[in-house]
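Please read the structure below before turning to the comments.
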Amino acid sequence: MKRLLLLSLGIFSFSLWSCDSGSNLNEQAFLDSLNTASSNSSVISDDVLESILQQIPSPLEISVLLKESGTNYNKEFLNETDKISSYNSNFKKALNLGVYGTDLGYTNIYEQNQDAIFYLNAIRDLSDGLSIGQFFNFGTIKRLATNSRNLDSLLLITTKNFNSINSYLQQQQRSNLSVLLLTGGWIEALHIICQVSQKNPDNQELVERIGEQKIILESIMLLLSFYSDSDPNIGDLTKQMATLQSQFENIQITQTYAESTLEEVNGIVTITNKSTSSINITDEDVKKIAATTAQIRDYIIN
Amino acid sequence: MKTLISLFGIVSLILMLNLDVQAQCDPAKHTEACIPQLADGFNFVKSYEINGEGGAKDKIEYSYVFAKGTQYFISICAEGEGTDGIILNLYDSNRKQVGTSYANGNFNKGIIYPCNATGIYYITFTFEGSQNHCGGAVLGFKR
C-alpha cells in the first residue's frame with residue numbers, strides 16, 4: 001500500500017514538474033542578466049498586458065506606405081549603427097533594438113540589402129546583449145539579405161523573429177523590455193514618417209497617418225504607465241512621451257459606421273465596409289509632433 | 001487510508017488527462033502552416049494562437065490597430081483541410097461586427113478587409129462543432 005502511495009506521489013510530482021518544462025539554464029541566465037527594475041511590480045495581469053502589446057501595429061506598415069506613396073529611400077532618416085557601444089543598459093538596448101528593427105524593415109522594404117546587413121549586425125549585437133540572440137539565425141538572414149529576390153523571405157523571417165522575441169519576453173515576465181522595444185520601434189517609424197512628410201507637405205495621406213498615431217500612442221502610454229513608477233528610466237521616458245501626447249490632443253478623429261457586405265470567393269470572405277474615418281490635423285500640429293518626436297528619438301538613440 | 005489513496009489517484013489521473021488535452025494542441029504548428037496561405041502581396045505581421053483548451057474556452061480574442069487605406073488578410077488554419085469549426089469574427093472599435101468568416105453556412109478559411117476607418121479592431125475566434133478546439137491564424141497587410 002505504501003508503494004502505491006509513493007508511486008502516486010511520484011506521478012503527481014512528475015506531472016507538476018512537467019508543467020514547467022520551459023525553464024532551463026539559459027533562461028535563468030537571461031533572467032539573471034537583466035538589470036532593469038523587475039516587471040513583477042506591474043499591477044496589470046499578463047493577459048491584459050499581452051493584449052495591449054498585440055494591438056500595436058507593425059512599423060513595417062509605415063515603411064510600406066512610404067514606398068507606395070513614391071517617396072525615395074533616405075538613409076539619413078535612420079539611426080547610425082556605430083552607436084551600439086554606447087547602449088550599455090538594458091533600457092537603452094531594448095529601446096534601440098526597436099529602433100533598429102524599424103530601420104531594418106525600412107531598408108528591407110526599399111530593397112537596400114547592403115544597408116540591411118549593417119542593421120542586422122546591430123540587431124545581433126543588441127540581441128546578444130539582452131540574451132535573446134538565439135532568435136536570429138544570422139547566417140540564413142545574411143544570405144537572404146544579399147539577394148533582393150529574397151526580400152519576401154527576409155521580411156518574413158525578421159518579422160517572425162521580432163514576434164518571437166516579444167512572446168519570449170512576455171513569457172519570461174520581462175514585458176517591460178517588450179514595451180521598450182515596441183516604443184523604440186514606434187518612435188523611429190513616427191520620426192521617419194514626420195521627416196518624409198515635412199519634405200512632401202502636399203502628401204495628405206502621410207499627414208493623416210501621422211494624426212492617426214494618436215490611437216496607438218494612447219495604447220503605448222497605457223503600457224508605459226504600468227512601469228513608470230517602478231522603473232525610473234521608464235518614468236523619465238513616460239514624461240517625454242506625455243509631452244508628445246499633449247500635442248496630439250487637438251487632433252480629432254471621427255468615425256462613421258455603416259453596415260458591411262460580404263462576398264465569398266474560394267473559401268475567402270471579402271468584406272466591403274462603408275464605415276469611414278476622417279481626421280482633423282493642421283500643418284502646425286505636424287510640425288510640433290515632428291519636433292517633439294525628434295527630441296524623444298535623440299534621447300533614445302544618444 | 002484507502003479513500004485517501006483513491007482520491008489522490010483520481011486527482012493525479014484528472015491532472016494528467018488535463019495536461020494531455022492541453023499538450024495535444026500545438027497552435028504554433030498551425031500558425032506556421034498558415035503563413036504561406038496569405039494571398040500574394042500581403043506582408044505577414046502577426047500570428048494568433050487559437051487554443052480552446054479542449055473546449056474549456058469558447059472564445060479567444062485579439063486586437064490590432066487597422067489603418068485606413070490598408071487591406072488586411074486574416075487566414076485561419078487547423079488540423080486537416082478545413083477550419084475545424086473555427087469562426088473568425090471581426091469587430092470595429094465600437095464592438096460592431098464588420099465581418100465574419102462564417103458565411104452562408106460555410107466555414108471559410110480567411111477574410112480580406114479593406115479598411116476605410118482607422119481604429120482598434122477586435123479579432124475573435126469561436127468554435128462551432130469543433131473536434132480539436134485548436135488552430136492558428138495569421139494577419140497580413142498590403143497597401
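Values below: every heavy atom of this structure, side chains too, minus hydrogens, waters and symmetry copies. Order of the sequence lines fixes the chain letters, A, B, ..., with proteins taken first and strands second; residue numbering starts at 1 for each chain.
Between S58(A) and F44(B), the closest side-chain pair of non-hydrogen atoms is not below 4.5 Å. Put simply, the side chain of L65(A) reaches to within 4.5 Å of the side chain of R143(B), judged on heavy atoms. The closest side-chain heavy-atom distance from R209(A) to T70(B) is below 4.5 Å.
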Decide side chain to side chain contact (heavy atoms under 4.5 Å, CB included) for E32(B) and K160(A); before the verdict, give the C-alpha distance in whole Å, the side-chain angles of both, and the deciding distance to 0.1 Å.
CA-CA 10 Å; E32(B) 194 65 28; K160(A) 277 169 71 176; 2.6 Å; yes
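When every heavy atom of Y64(B) is checked against every heavy atom of Q54(A), the shortest pair comes out as CD1-O, 3.6 Å. Nearest heavy-atom pair across S93(B) and Q255(A) is OG-OE1, 3.0 Å. Nearest heavy atoms, G99(B) versus S260(A): N-OG, 4.5 Å. Taking each heavy atom of Q97(B) and Y257(A) in turn, the nearest pair found is O-OH, 3.4 Å. Heavy-atom minimum distance, V45(B) versus N163(A): O-ND2, 3.0 Å. The nearest pair of heavy atoms linking S219(A) to I120(B) is OG-CD1, 4.5 Å.
Atom OG1 of residue T100(B) and atom CG of residue L262(A) lie 7.5 Å apart, to the nearest 0.5 angstrom.
Considering K214(A), E212(A), Q213(A) in turn, E212(A) is the only one that fulfils the side chain to side chain contact (heavy atoms under 4.5 Å, CB included) rule with T118(B).
Interface summary for chain B: among I52(A), T270(A), T256(A), I253(A), the most heavy-atom pairs under 4.5 angstrom belong to T270(A).
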